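Got a structure here, written out as structure tokens. Questions coming.
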Amino acid sequence: MAESKQSAEATVSDVQKKIRAAFEAFDYESNNTVDVREIGTIIYSLGCFPTQADLHDLIAEVEEDQTGYIHLDSFLPVMSKVLLEHKFPPIPEDLLLQAFEVLDKEKKGYLEPEELTKYMTQEGELFTQEEMDEMLTALADHEKNVVYYKDLINQLTIDPDM
């Protein structure tokens, strides 16, 4: 029994180290606070993919009195619980591929940036044009001006064994 308790404590400690490291990467003033706008990126970097509604709920739970900042002391226990309970798992790779294949009606293996922008700014959880511009800068093949979605899926998915 003592061994399993130690193992559980070690797991919690490891999880909290990961959360601290991700949080501190955005704590530019080293004061244990981050801008609320960074929280989504921090959560995604930890392998969690909440919906926008879930993300807003989580932010509402941890934000300090509508100040626009989140303190590590508020974020750490909430995010630890999220990670330990495996909330907001990533979408499996095969489902992402199926989704892209539905959009790629001609089975080309890629989408035009304009097509992807249309889908991502007009369907489902909407991205802003600024978010799309950033995404396309990072993901598009700039020589051919297309987005190869199999490469994109490899970047979007996380190896569960890591």
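Fair warning: this is a prediction, and the values are worked out from it, not measured in the lab.
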Quiz item: Closest heavy-atom contact between H142 and T137?
Solution: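 In this case the closest contact between H142 and T137 is NE2-O, 2.9 Å.
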Exercise. Is it possible for you to say whether Y148 and M120 belong to one hydrophobic cluster, with membership spreading through side-chain heavy-atom contacts below 4.5 Å?
Key: no
Quiz item: Are E101 and K150 close enough for a salt bridge, meaning some N to O gap below 4.0 Å?
Solution: no
Practice problem: For I19 and L76, work out which heavy atoms get closest and say how close. | Solution: CG2-CD1, 3.6 Å
Quiz prompt | Polar contact flag, side-chain donor to acceptor under 3.5 angstrom, D65-T67 | solution = no
Exercise. Indicate yes or no: at least one non-hydrogen side-chain atom of L126 is less than 4.5 angstrom from one of E131.
Key: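 The answer is no; the side chains never approach within 4.5 Å.
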Quiz item: Does L111 belong to the same Ile/Leu/Val/Met/Phe/Trp/Tyr cluster as V146, with side-chain heavy atoms less than 4.5 Å apart forming each link?
Solution: no
Practice problem: Locate the shortest heavy-atom distance separating L83 from L46; write the atom from each residue and the value. | Solution: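 Smallest heavy-atom distance, with atoms named: CD2-O, 3.7 Å.
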Quiz item: For D35, does its backbone N or O pair with a side-chain atom of E38 as donor and acceptor, under 3.5 Å?
Solution: no
Quiz item: Would the number of heavy atoms belonging to other residues, nucleotides or ligands and lying under 6.0 Å from CD of Q122 be above 12?
Solution: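 More than 12 heavy atoms, drawn from other residues, nucleotides or ligands, come within 6.0 Å of this atom.
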Quiz prompt | Heavy-atom side-chain proximity of F75 to I59 below 4.5 angstrom | solution =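 F75 does not reach I59 side chain to side chain.
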Self-check item: Any side-chain heavy-atom pair of D104 and Y110 under 4.5 Å
Solution: no
Exercise. Indicate yes or no: at least one non-hydrogen side-chain atom of F88 is less than 4.5 angstrom from one of L58.
Key: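 SC-SC contact between F88 and L58 confirmed.
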Exercise. Please step through side chain to side chain contact (heavy atoms under 4.5 Å, CB included) for the pair V12 and L84, ending with a clear verdict.
Key: CA-CA 8 Å; V12 169; L84 292 168; 3.7 Å; yes
Quiz item: What class does the angle between the rings of Y149 and F100 fall in, given that below 30° is parallel, 30 to 60° is tilted and above 60° is perpendicular?
Solution: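 Y149 vs F100 ring planes: parallel.
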Quiz item: Is there a side-chain contact between T33 and L72 (heavy atoms, below 4.5 Å)?
Solution: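 Side chain of T33 against side chain of L72, heavy atoms only: no contact under 4.5 Å found.
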Quiz item: If you count the non-hydrogen atoms of other residues, nucleotides and ligands that lie under 6.0 Å from CD in Q129, is the total more than 12?
Solution: yes
Practice problem: With the side chain counted from C-beta on, respond yes when C48 and M79 share a heavy-atom pair under 4.5 Å apart, and no when they do not. | Solution: yes
Quiz prompt | Donor + acceptor pair across side chains of D54, T51 (<3.5 Å) | solution =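 There is such a pair (donor and acceptor under 3.5 Å, judged by atom type) between the side chains of D54 and T51.
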Quiz item: In terms of heavy-atom contacts, does OH of Y69 have more than 12 from other residues, nucleotides or ligands at under 6.0 Å?
Solution: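 Counting neighbours around OH of Y69, 12 or fewer heavy atoms of other residues, nucleotides or ligands fall under 6.0 Å, so no.
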Exercise. Return the minimal non-hydrogen interatomic distance between P113 and N145, and the atom names on each side.
Key: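 Looking at all heavy atoms of both residues, the shortest contact is CD-O, 3.0 Å.
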Quiz item: Which distance, rounded to the nearest 0.5 Å, do you find between the CG of D14 and the NZ of K18?
Solution: 8.5 Å
Exercise. Verify the neighbour count for atom NZ of K108: are there more than 12 heavy atoms of other residues, nucleotides or ligands below 6.0 Å?
Key: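 Yes, NZ of K108 has more than 12 neighbouring heavy atoms, counting only those of other groups under 6.0 Å.
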Self-check item: Residue pair E64 / I70, side-chain heavy-atom distance below 4.5 Å
Solution: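 No, side chains not in contact.
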Quiz item: Just wondering, do Y44 and L55 contact through their side chains at under 4.5 Å, heavy atoms?
Solution: yes
Quiz item: Where is the tightest heavy-atom contact between S80 and V15, given as atom of each residue plus distance?
Solution: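 Closest heavy-atom pair between S80 and V15: CA-CG1, 4.1 Å.
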Quiz item: Hey, mind stepping through F23 and V34 against side chain to side chain contact (heavy atoms under 4.5 Å, CB included) and telling me if it holds?
Solution: CA-CA 7 Å; F23 191 92; V34 297; 3.5 Å; yes
